[in-house]
There are 2 protein chains.
Amino acid sequence: MRAREKTEQIKLVIVKATDELLYHKSYNLMSFSDIAEASDIPRGNLNYHFKTKDDILLAVVAYRVQQMNKMLSDWDASINSPLERLLRFAQIPLNEKNNVVQHGCPIGTLNQELGKVQPELKAISKQQFDVFKQWLIKQFSDFVPGQDAQKLAVHMLVRSQGLSAVAFIEEDKKIIETEVKAIEQWLKSL
Amino acid sequence: MRAREKTEQIKLVIVKATDELLYHKSYNLMSFSDIAEASDIPRGNLNYHFKTKDDILLAVVAYRVQQMNKMLSDWDASINSPLERLLRFAQIPLNEKNNVVQHGCPIGTLNQELGKVQPELKAISKQQFDVFKQWLIKQFSDFVPGQDAQKLAVHMLVRSQGLSAVAFIEEDKKIIETEVKAIEQWLKSL
DNA sequence: GTCTATATGAAGATAGAC
DNA sequence: GTCTATCTTCATATAGAC
């Protein structure tokens with residue numbers, strides 16, 4: 001029991017370090033050595049905890065999904081109206097301004113990278129995207145019951161992904177500010 | 001002279017094949033062998049024409065920029081109003097529906113991939129993006145002289161990049177149709 | 001100019017000593 | 001359970017035969 005617990009802790013250290021690493025490095029350019037260095041676990045020992053690199057990615061995505069679900073249920077509990085929750089969502093890139101400009105949206109960039117050649121990995125990574133999508137659909141259903149919540153949720157994701165992508169390419173924080181403001185106006189006009 | 005010309009032709013064959021390859025394969029996962037196979041040039045000979053892989057990328061981007069400029073000046077010549085030119089631009093993802101859903105926007109995905117770790121290459125790839133941006137600014141200046149053309153151009157790019165990214169992740173052509181329609185409405189309302 | 005053969009290095013993964 | 005040493009594979013890039 002104790003031993004098992006300790007193993008789980010080490011795994012979590014690896015996962016957290018890799019999660020962090022994945023923000024500024026692409027998955028395919030990220031080596032076992034990079035992970036070993038970042039997590040301060042001896043290079044060879046990684047292979048005991050995770051057989052393959054893909055296994056680590058799997059664990060990282062599971063961890064991220066868990067974190068995202070926690071954040072969203074916190075919002076559900078602490079923010080009263082669906083409109084304000086949606087506004088809060090729209091502001092994510094604003095709060096992560098520096099990261100977005102330097103590394104893009106962590107979910108979007110990972111999905112795009114894996115989507116190009118590794119369909120199995122893409123499906124895994126897509127889970128992160130779907131957590132947001134389902135939550136958005138719920139919020140829009142509550143916010144404007146008569147309208148097509150699915151379509152509105154997708155539109156929200158489109159604008160959020162788009163502004164992150166363009167701000168990253170142009171390395172321009174102003175784009176985030178302007179575009180988030182535009183999303184807020186759109187939400188309030190619904 | 002003759003010899004030089006022939007060399008240039010071979011280079012173009014390599015560049016075109018790599019351009020094509022880059023639509024479905026990420027740059028970092030693309031090997032010289034892949035390029036050799038795609039262009040039907042013996043593996044070792046590639047290194048005579050291009051010293052490094054980055055040199056090939058450089059040539060591919062230059063080629064793409066040239067093609068894009070050609071397309072845009074064709075539009076300038078054949079399409080009368082700036083609004084119709086902008087509508088034509090908005091429809092690019094619609095005409096490339098299958099490619100977008102399978103591989104994403106070729107410009108956006110390349111920029112995002114290179115942006116994460118290779119700043120020198122990112123700057124090169126960004127040229128493609130800027131060709132579109134400058135052209136859009138010109139069109140918006142002509143279309144709605146009083147308004148902030150730069151801001152409108154960026155917004156157009158945001159929506160275009162966003163819809164490509166989300167349609168790619170979700171592998172859903174309907175998203176392209178719906179979102180392009182929304183862009184058209186927005187343009188007509190300006 | 002063309003292409004083969006090869007140098008060199010780094011990656012993922014494994015076997016097995018401790 | 002932990003970690004070292006190593007196997008294998010595959011990449012870029014070069015030297016030099018044709």
Side-chain angles (χ1 to χ4, degrees), chain A residues 1-19 21-22 24-61 110 113-114 116-122 124-125, chain B residues 1-18 21-22 24-61 110 113-114 116-121 124-125:
Chain A
M1 285 296 140
R2 273 257 163 273
R4 203 199 134 102
E5 237 169 62
K6 202 181 158 196
T7 300
E8 286 307 311
Q9 266 186 9
I10 295 179
K11 277 193 167 185
L12 190 59
V13 167
I14 297 170
V15 165
K16 278 184 178 175
T18 309
D19 176 32
L21 206 56
L22 219 42
H24 17 260
K25 199 146 191 160
S26 94
Y27 176 69
N28 288 312
L29 290 184
M30 186 186 74
S31 71
F32 267 87
S33 306
D34 292 330
I35 299 172
E37 194 182 343
S39 58
D40 212 15
I41 305 275
R43 164 74 183 78
N45 202 10
L46 286 178
N47 282 102
Y48 172 74
H49 295 288
F50 295 98
K51 216 104 191 97
T52 71
K53 211 175 95 173
D54 288 359
D55 285 342
I56 302 183
L57 181 67
L58 214 89
V60 169
V61 172
L110 184 62
E113 178 188 358
L114 300 178
K116 265 211 167 163
V117 229
Q118 293 128 306
E120 341 75 59
L121 297 183
K122 181 187 182 182
I124 292 161
S125 172
Chain B
M1 285 296 138
R2 274 256 162 273
R4 204 199 134 101
E5 238 169 64
K6 203 182 160 196
T7 300
E8 288 305 312
Q9 266 185 7
I10 295 179
K11 278 193 168 188
L12 190 60
V13 167
I14 297 169
V15 165
K16 279 185 177 175
T18 309
L21 207 54
L22 219 42
H24 15 260
K25 199 147 191 157
S26 96
Y27 176 68
N28 288 311
L29 290 182
M30 187 186 74
S31 71
F32 266 87
S33 305
D34 292 331
I35 299 171
E37 194 182 343
S39 58
D40 214 14
I41 305 276
R43 164 74 184 80
N45 202 12
L46 285 178
N47 282 102
Y48 172 74
H49 295 289
F50 295 98
K51 222 99 200 95
T52 70
K53 211 175 98 175
D54 288 358
D55 285 343
I56 302 183
L57 180 67
L58 214 91
V60 169
V61 171
L110 185 61
E113 179 188 356
L114 301 178
K116 266 214 167 160
V117 229
Q118 293 128 305
E120 341 74 58
L121 297 182
I124 292 161
S125 173

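Scope of the values below: all heavy atoms of this structure, side chains included, with no hydrogens, waters or symmetry mates. Chain identifiers are assigned alphabetically (A, B, ...) following the order of the sequence lines, protein sequences preceding nucleic acid strands; residue numbering begins at 1 within each chain.
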- Is there a donor on the side chain of B:R43 or the base of C:dA5 sitting less than 3.5 Å from an acceptor on the other? no
- Quick one: is the NZ or CZ of A:K11 closer than 6.0 Å to the six-membered ring centre of A:F50, and within 45° of its axis? yes
- Item | Minimum-distance nucleotide to A:I10 side chain [options: C:dC3, D:dT12, D:dT2] | D:dT2
- Item | Proximal nucleotide (of D:dT14, D:dG1, C:dT14) relative to the B:K51 side chain | D:dT14
- Could you give the CD-to-C1' distance, from A:Q9 to D:dT2, as a whole number of Å? 16 Å
- Item | Options D:dA13, C:dG1, C:dA13, nucleotide nearest the side-chain atoms of B:Y48 | C:dG1
- Which listed nucleotide (D:dT4, C:dT4, C:dG12) is nearest to the side chain of B:P42? C:dT4
- Taking B:E113 for its side chain and B:S26 for its backbone only, find out whether a donor-acceptor pair lies under 3.5 Å. no
- Item | Nearest-nucleotide pick for B:N45, side chain only, options being D:dT2, C:dT2, D:dA13 | C:dT2
- Message: Using heavy-atom distances to pick each residue's nearest nucleotide on DNA chain C, tell me which of B:I41 and A:D54 is more 5'.
- Response: B:I41
- Message: Does a side-chain N or O of A:S31 approach OP1 or OP2 of C:dA10 to a distance below 4.0 Å, or not?
- Response: no
- Note on the structure: Nearest-nucleotide check on DNA chain C, A:G44 vs A:D34; residue mapping nearer the 5' end is A:D34
- Task: Would you kindly give the CG-to-P distance between A:L29 and C:dA10, to the nearest whole Å?
- Result: 14 Å
- Query: Can you check whether A:I14's main-chain N or O pairs, donor with acceptor, with A:T18's side chain at less than 3.5 Å?
  - Reply: yes
- Query: Of all the nucleotides listed (D:dA13, C:dG1, D:dC3), which has the minimum atom distance to the side chain of B:F32?
  - Reply: D:dA13
- note: A:K53, atom NZ; C:dT14, atom C1'; distance rounded to Å ~ 18 Å
- Task: Please state how far atom CD1 in B:I35 lies from atom P in D:dA13, giving the value in whole angstrom units.
- Result: 10 Å
- Message: Assess, by modelled atom type and distance only, whether the side chains of A:D54 and A:Q118 contain a donor and an acceptor separated by less than 3.5 Å.
- Response: no
- So, the side chain of A:S125 versus the backbone of A:L121: is there a donor-acceptor pair under 3.5 Å, distance only? no
- Note on the structure: Which of D:dG1, D:dA13, D:dA11 is nearest the side chain of B:S33? It is D:dA11
- Minimum-distance nucleotide to B:H49 side chain [options: C:dA13, C:dT2, C:dG12]: C:dT2
